[in-house]
Structures are given as structure tokens and as C-alpha cells.
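Data first, discussion second: the structure below is written as C-alpha cells.
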Amino acid sequence: MPSGPSLPPKIDLAALDSAIESIPLHEDIFKFDPVSQVDTSPWPRAPAGDGSGSLVPSTPYSLMARAFTLISSTRSRLAITTLLTNLLRVIRAHDASSLLPAVYLVSNHIAPAYDGVELGLGGSILNKAILDVTGVSRARMKQLWNSTGDSGDVAFEARKGCKTLVQHVPLTVSKLYKTLQLIAGIKGQGSANAKLAHVTKLLVASRGEEIRFLVRTFVSHLRIQAVKTTIATALAMTFSLVDGTATESVEFSKSHYLITREDRKGLLATPTKQSERHSPARLTLMARLRLSERLMRQVRARHPNFSVIVPALQEVGLDGLSTRVPLSVGTPLSPMLGSITRSLQDMRAKFGERAFVSEFKYDGQRVQIHALFLPYAVSGKDGAAPDWAKRRREAVPAEKGRWVKCCNGDGEVWVRLFSRHLEDMTVKYPDICDLMPLLMGHGEATADASFLGALPTARPSEGDAATTASTSLLENPAASAAPPVKTRSLIMDAEVVAIGLQGEPLPFQTLANRSRKEVNIKDVKVKVGVFAFDLMYLDGKPLLKTSFRQRRKALQTRFPQFNPPDPLIARFAHVRSCESTDLDEISAFFEAAQASKCEGIMAKSLDHHWEAVEGSEVRCTTRAFHTGNMKAATGETEDGKAGEHLLEKLDDEVADELVLNTEEGEEDEEREQDAIGKGVNGRGKALLSTYEPDRRCESWLKVKRDYVEGMGDSLDLVPIGAWHGMGRKAAWWSPILLALYDPDTGGYQAVCKCISGFTDNEYKRIFAKFAEGSELCYDPRKREPMDEYELGGMSLPDVLFRPCEVWEVRGADITLSPVYHAALGLVSEERGLSMRFPRFIRRREDKSVENASTPEDLAVIYRAQ
DNA sequence: CTTGGCTGCCC
DNA sequence: ATTCTGC
DNA sequence: GCAGAATGGGCAGCCAAG
């Protein structure tokens, strides 16, 4: 119990529960009033943040638990969004300081990915905590795990029937968030116990449903059908709806986004009556909500940091948001992703007449490179400027990243590297950091011939790196032509690939062997090459809306491939690409990618286009079009009116871009000139080649061998065991352990687990056929396991199956495994083989278990890789 | 001082 | 990473 | 088609236990 001078006033828990219970969180967002419909008098109090010493309401965690419970009872996106929006509105209205913590709690995080904050709690520690707190037996725990498949549900069920003798102080959102941050900060010897102590304390303090969500929050797995987009939407709606509280900035008249109480009087966001749905007044407001939602998604995609976004919303609202939270060097944007495409023909067909390039998809690690040059001398002065330290601090968002001195003595380049999921990788790649000043023209060796080299593409070549480089230079003679232009700032997209002494690409597993906490560039054991493929920001200008053709051109001309003279520094090249749209040539390029150990290819649309929507007449006139540039979009047209027409036909996405982009600075003249599109006189649809953060787009298509039917390797495996599924798969077996059949011994060698590719019906069939305790399925802990199973270093499955089916399973490639013993001795004496990205394709009813794939079959595939 | 379990993060 | 499902 | 969920192989890093 807390003690000391500021003992909080005694809380009437019954009154609190009833006050929370009576909040109509499910109510239509236009009707719900977080001020008049919420009674905060029984809420716990905390000192106001303004230092006045006055006590203000502090959001009880039970409010969040209540919202989560309601959310869990539906699968309707609309209902979930409504609940979440109303929850955030209540918190915003009564306890604004808890809004950011609440948003983090909903999103399963406590900080942006790149801050490197980790809770370090997992199922194991939580199980311990639940045992401690509830006192249930281990057997009961296991039983609960098997039946619920959820840590929170286990905790909730385990505590049922436990008597809670002490009346606790209610847990608050703010307290929980602070504790999570505290837990994340605990390191070193004894940390496990220290974390456990905090967890246990909170579990003990929790009441009712709270424990379910508390535990899920500890394992960062809330499972409430709302992770990213739904939160962004709810946040946008929260700030669209003016609730008349003191903290709202009131500038209604000029806003694109705000909806006042007056505006929405008598209207419903989700009416049941058809007539109400189409009321013009309602449609106007819904359009505003959609605009806010799109704004929020865009801002979040360009600057995914709630610690920046939420305070910005609170201070400047939606209208000032995109200016206040822009794309910035030092903060990663969400990467653009490619859509899976099942064949080269499909890929070709999707682009139609549009120009595109194909690129090698290397098997490495994606990296987003941020770099900023800061000169020692400011203009007009020479020598180191006295305010260097201050300028340095001001130049970057925080004391993260790495400063690299330019060897020409001009200044320093600040570098920060991010992974695909936006983790900070700067310290992992000092060799890439050191590359940046040279790449940006701030080194002095740029005239050196050794700079002109390129990475060879899997061509074996004698001699050292320099010889190799000159060989591959022939592939791209243009590389030597470009003079180094000094670059101020950039954000670049690239793939990091492990390379051998000759610069040849090495497998992903080699790259994975690299240390992650690097201290010294001299200790780097796995050399890497950087294969660049996009440029999102250059010299202070975002290029997201620039066509890919121009981004690519800028990337290639400004940053020619080169091989730094210092062998410790990473090499730089562009991904190999092919501009032909001829299917045969693309096929040959795809084969070349395989030969170079690539995963496949990415095909990318080069230009912005307009295309007719079905049934409309299309007149194709070439003229300048560039999203984000009103003048170009409405510029020269055949009949002079078509420009306006075009604007009317813009789909929402583009309209939004236009609105947002007015704040992104002037257009680049060069870009404008090159902007190509098709005028459409009729209904039109935008097919853009913009960089779309956070989206899997049809303008980027990825083709891998294993997506293509009949192309990848597949195995015919025997299911020999399984575990109880979790979450939505709790009622079935998942994952399922698969094995090869060894005809020499009659044994079964486990090769991988499989979770993907099964339909729910297939799961049902499997669970019914291999029913627990039946002839075909037994508990290996209760009955001696059959000795023909070779499980390797695998932990024992919950159940073992009698071998009786054969399944076709496809994967990307075969890996040397530290765990499985499949084909042990055939390619390695120490390690067996396993499969990357295994997925169930179909049952082979035509095959008996004796006809399943053998260790030799697997070894053959491995050797052929 | 070594080993093995757990966690988070690459793909 | 891949895949399936409900909206 | 989007959004979310479940979970694959395998690595380094960290910590606890032996």
C-alpha cells in the first residue's frame, strides 16, 4: 500500500465500477458525449501536471479493460473503431496526459520501434507470475493453456475463485505505463526477478477483467483486432470530433477536419435507416472523417512515432499536423512493400502498357539509410564554427545515430540506419555508416580509380577486389561518368547483402551471423554490400510523390556505384535491373536472379498514369501530370476543361495527396518536366509510381520462385506430431510437426513445423481425425514415444501422431538446421536440414507414407541450391 | 566459465 | 516471412 | 482488398543455472 504524506483519497470501488460500467462506449460517435455522459467523480486522482498541486482525474485501467472487453465481443471493424474512438475521447476530455499512454497500451508498444525499448517479458516469466499470484497447480495451468490458448485468459481463469482480501487502490493507465517503462529499463543480473516482482505486484492489484488484458499487455499481444490502422483511425476521429473541452484549440471555421457538436446534431455516423445514410449533412461529415483518417495514416506512415504525433495533435490539432510532423531525416518512414505475384505472366499483365523495370530481389536485410551532412564552417566563416556542438544537437532529432567525420575535413555526416520494421540498426553496420560521407561527395578520394568499381554479380573472378571491380565495371560503364555532387541529406532504400572476398553475394544465413552490437568497424567479420533501389528524400526535399522513374534516375546519377578504397568500408551498388517489358527478356532476367542467389525479382511501375475505369471512353493524350502539383494536373489539355474534369475524377487517395502536399514545398522543375501521364476524358483511375509508405502496392510486384506453381521445391511430408494452437487456433492442432520418411530405417525424421496454408476446414478435419487420445494421436508423456521418430533437438510436441498421411509442403529454400536432424550426415555431420517459410499446399491422397520424401530427396534439393 | 532457456528481431 | 478469414 | 491474427526457421544477445 502506498504511504507518505500524499496518500490518495480513499476510492469507492463500487462507485468507480458503476461509473465505468455506465459509460456508453458503444454509442454512435456523433451522439456520444464524453463530457456529459461520463462521471469522473469516483475516478482516482493524481496531481495535475502543471505543478499547481491540484488533483485531477486519472484514467482508471478498468476503463480500458472495459473497452477491450467490449471490443472483444465483436468482429465488426465499425464497432471496434467506435469503441476505440469513444474510449480515446473520454481520456482526452478528462485526463489528457493519459492519452499517449493509452494509445501505446492499445498498440502493444511503449515506444517507437527505433527507440530500442524492450519489455523483455515473455510467456515464461508470465507463467511464473500467474502461478505465484493465483496459486494454481502446474497441471491446471497447462490445461488452461490448452483450452484457451491465451496468456490473459489463462490468468483470468486461474484467478477465478481466488479470494481477494485486500481492497486495492485502483490501477491507472498512467501508473501502468510508467511501470512498463520501468520494467523495460531493468537490465543485468537479477533483472528477471526484479521484472517478475513488478509484474506480480500489478497482477495482484488488478481487479476483474483487468488481469486478462494486463497479462496480454505484458506479453505485447493484446489480441483485440486493432493494431495499427484501427488506432490511427480512432485517433483521427477523436481529434475530428469537437467535444467542447478546455484543451481543444478552437478554429472550426477554417478546418478541413473538425466536426462540432452543432454540425452533428441529430445525425448518426452509422445510421440504420437507409434514408439517414444518404442525408447530405451526414455525408459531408463522413467525408471529413475520411479525410482525417487519411491524413492520420499518411502522417503516421511518414513519421511513425506516437510520442510525436499525439502531443502534436493535442497542441495543433489535425489541421496543423502534417506541417508539425513531417517526413524527416532521422525518423524512419514505413517502407513501401510489394504485392505477391504468382507468375511472370501475371506481373506482365498487371502493368499492361505501362512502363516498368524489374530488379533483383537480393536475399539480405532491408535497410533505410538516413544521412545528413553538417559542415564545420557555416557560410562566411572559416574554421570550425564555435557553435558546432549546438548545431549538431539541433541538426538531429535526438542523440541517436552516428557522426562520421568526412575525410576532406569539411564536416561530419550523421547517419542512422533502420530495418524493415523500423528498428535502429546503426550500430550493427559501422561499415555502412562510414560509406556515407564518401557516397555523399564529402570524401577526398572520389577521383580515385578504385572508386569506380562495382559489385560483381555472382561471376567468379580471380584476383582481389580491385580486379573484380574493374571486371564488373564493364557492366555499367556509366558508373565512371558521374562526378560526385555534394549531397546535403538523403533517405535511401536498399538491401544489405553479405558478400565474399570477390564481392559475390552470400546466403542470408551468413548475414544473420553478423553481430548486432558492433563496437568497432575492425571487428566486422561478415562483409556486406549495399544494393540501393530507391531514394525517398534528397537535399531537403521529400521525393515520395515523384515518379519512380525520376527517383531512380536521381539515385543512379547522384550516387554511382563504387567500391571504397578502404576494404573495411561497405561497397555500394544499385540493384541489378532490367528495363525490358518483353516477357522473354524478363524470364531470362528472372533466371539470372536465381543464378545470383536472389529470392526473385521486384517489378516496379516507372511513371504516374491515368487509366480508364471500365465502360468509359478513353482519350489518351500525353501531358504533364504530377500528383502534388495542381498546376501540372490542371495544365495544358486538349479542350481546356479537361483539367478541371480530371481533378473532379481524382480518387480519394490522390485528392488527399493534393491537399497534403501543398505544404511539402515547391515542385522541382526537372521533375515536372519529366512527369508523364495520360489524360483521360471520362472516369479515371490513378495508377501512380509514387513511394507509398506502409503499403503493399500494385505498383511494386514481387515474384519469387516458390510463389510460382510448379517452380519452387516442394516436399511430401508426413505429419507426426502437433501442439495445441493459440488464439484463434486454440481449438485445433497448430503447429504440426512434419517429417521425412527414411526407407533405410523405416523411421521418420522431423524436418519442420507447419502453421500456414491450412484452411479452417482443414484444421477441423485434422483435429477430428487425430483426436486426442485416439488410436492415431497420443501424449508422448504418458505413453512411450515410438522409437522410429527422430525429433532432433526439438522439444517434445504435445502429441504425436501415427504416420498415416502425406502432405505436400512448399518452402522457399532448404537451410542447415541447428535443431532438426533430417538428412543428418548427408550434407553435414553436425547439422540436419530444414525448410524456410514452410506452408501446407494439399494432402497427397495418392501417396502412402512409404512414398513420402526421403532424406536423400531433401539433400538433393539442398545441393542444387 | 560454460551451457541452455528466453526474448526479440531478421527473413 | 506466408497464409487465411471476416468485413 | 484491407486489416489482423497465428506462427515458420534461425540468428545474436542476455541472463540464470549448473
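In what follows, every chain begins at residue 1, and chains take the letters A, B, ... in the order their sequences are listed. All figures in this text were calculated on a predicted structure; none of them were measured in a lab.
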_Tell me the interatomic distance from A:Leu121, atom CG, to B:dC9, atom P, rounded to whole angstroms._
13 Å

*asked:* Would A:Arg836 pass as a cation-pi partner of A:Phe508, given that its NZ or CZ must be under 6.0 Å from the six-membered ring centre and within 45 degrees of the axis?
replied: yes

*Send over the distance from A:Asp694 CG to D:dA3 P, rounded to a whole Å.*
8 Å

*Which part of the nucleic acid does A:Lys702 contact within heavy-atom distance under 4.0 Å: base, sugar-phosphate only, or nothing?*
sugar-phosphate

*May I ask you to verify if any side-chain N or O of A:Lys753 is less than 4.0 angstrom from the OP1 or OP2 atom of D:dG8?*
yes

*Respond yes when some side-chain nitrogen or oxygen of A:Gln509 is under 4.0 Å from OP1 or OP2 of D:dC11, and no when none is.*
yes

*Phosphate contact (B:dC10 OP1 or OP2) by A:Ser419 side-chain N/O below 4.0 Å*: yes

*A:Asp424 with A:Lys400: basic N within carboxylate O range, under 4.0 Å*: no

*Tell me: CD1 of A:Ile71 to C1' of D:dA5, nearest whole Å?*
16 Å

*Judged by atom type as modelled, is there a donor-acceptor pair below 3.5 Å linking the side chain of A:Ser853 to the main-chain atoms of A:Asp857?*
no

*Reported SG-to-CZ distance for the pair A:Cys754 and A:Arg810, which is rounded to 0.5 angstrom*: 12.5 Å

*N/O (side chain, A:Thr229) to phosphate O (OP1/OP2, D:dC2) under 4.0 Å*: no

*asked:* Rounded to whole Å, please give me the gap between CD in A:Glu423 and P in B:dG8.
replied: 11 Å

*Is the shortest side-chain N/O distance from A:Arg420 to OP1 or OP2 of C:dA1 below 4.0 Å?*
yes

_On DNA chain C, does the nearest nucleotide to A:Arg728 precede the nearest nucleotide to A:Asp706 from the 5' side, or the other way round? Give the residue._
A:Asp706

*Hey, what do you get for CZ (A:Arg728) to OG (A:Ser734), rounding to the nearest 0.5 Å?*
10.0 Å

*Given D:dG9, is OP1 or OP2 found less than 4.0 Å from the side-chain N or O atoms of A:Arg831?*
no

*A:Thr759 side-chain N/O to C:dT3 phosphate OP1/OP2 under 4.0 Å*: no

*Kindly point out which of C:dT3, B:dC10, D:dG13 is positioned nearest to the side chain of A:Arg839?*
C:dT3

*Please tell me which of the listed nucleotides, D:dG9, C:dC4, D:dC2, lies nearest to the side chain of A:Asp760?*
C:dC4

*Side-chain N or O of A:Tyr707 less than 4.0 angstrom from OP1 or OP2 on C:dT2?*
yes

*Under 4.0 Å between a side-chain N or O of A:His221 and OP1 or OP2 of D:dT7?*
no

*Does OP1 or OP2 of D:dA5 have a side-chain N or O of A:Arg223 closer than 4.0 Å?*
no

*asked:* Looking at A:Arg366, I'd like to know whether one of its side-chain N or O atoms comes within less than 4.0 Å of OP1 or OP2 on C:dA1.
replied: no

*Within this structure, what is the CG-to-C1' distance between A:Asp115 and B:dC9, rounded to whole angstrom?*
16 Å

*Using a cut-off of strictly less than 4.0 Å, decide whether A:Ser756 has a side-chain nitrogen or oxygen near OP1 or OP2 of D:dG8.*
no

*Atom CG of A:Asn108 to atom P of B:dG8: distance rounded to whole Å?*
12 Å

*Measure from CG on A:Leu816 to P on D:dG10 and round the result to the nearest Å.*
8 Å

*asked:* With salt bridge (Lys or Arg N to Asp or Glu O under 4.0 Å) as the test, pick out the partner of A:Glu599 among A:Lys702, A:Lys704, A:Arg366.
replied: A:Lys704

*Starting at atom NZ of A:Lys428, determine the distance to atom C1' of D:dG13, rounded to an integer number of angstrom.*
12 Å

*Which word best sums up how the rings of A:Trp733 and A:Phe767 line up, parallel for under 30°, tilted for 30 to 60°, or perpendicular for over 60°?*
tilted

*Report yes if a side-chain nitrogen or oxygen of A:Ser76 is closer than 4.0 Å to either non-bridging phosphate oxygen (OP1 or OP2) of C:dC7; otherwise report no.*
no

*Is the shortest side-chain N/O distance from A:Arg514 to OP1 or OP2 of B:dC10 below 4.0 Å?*
no

*Between A:Arg696 and A:Arg77, name the one whose nearest nucleotide on DNA chain C is closer to the 5' end.*
A:Arg696

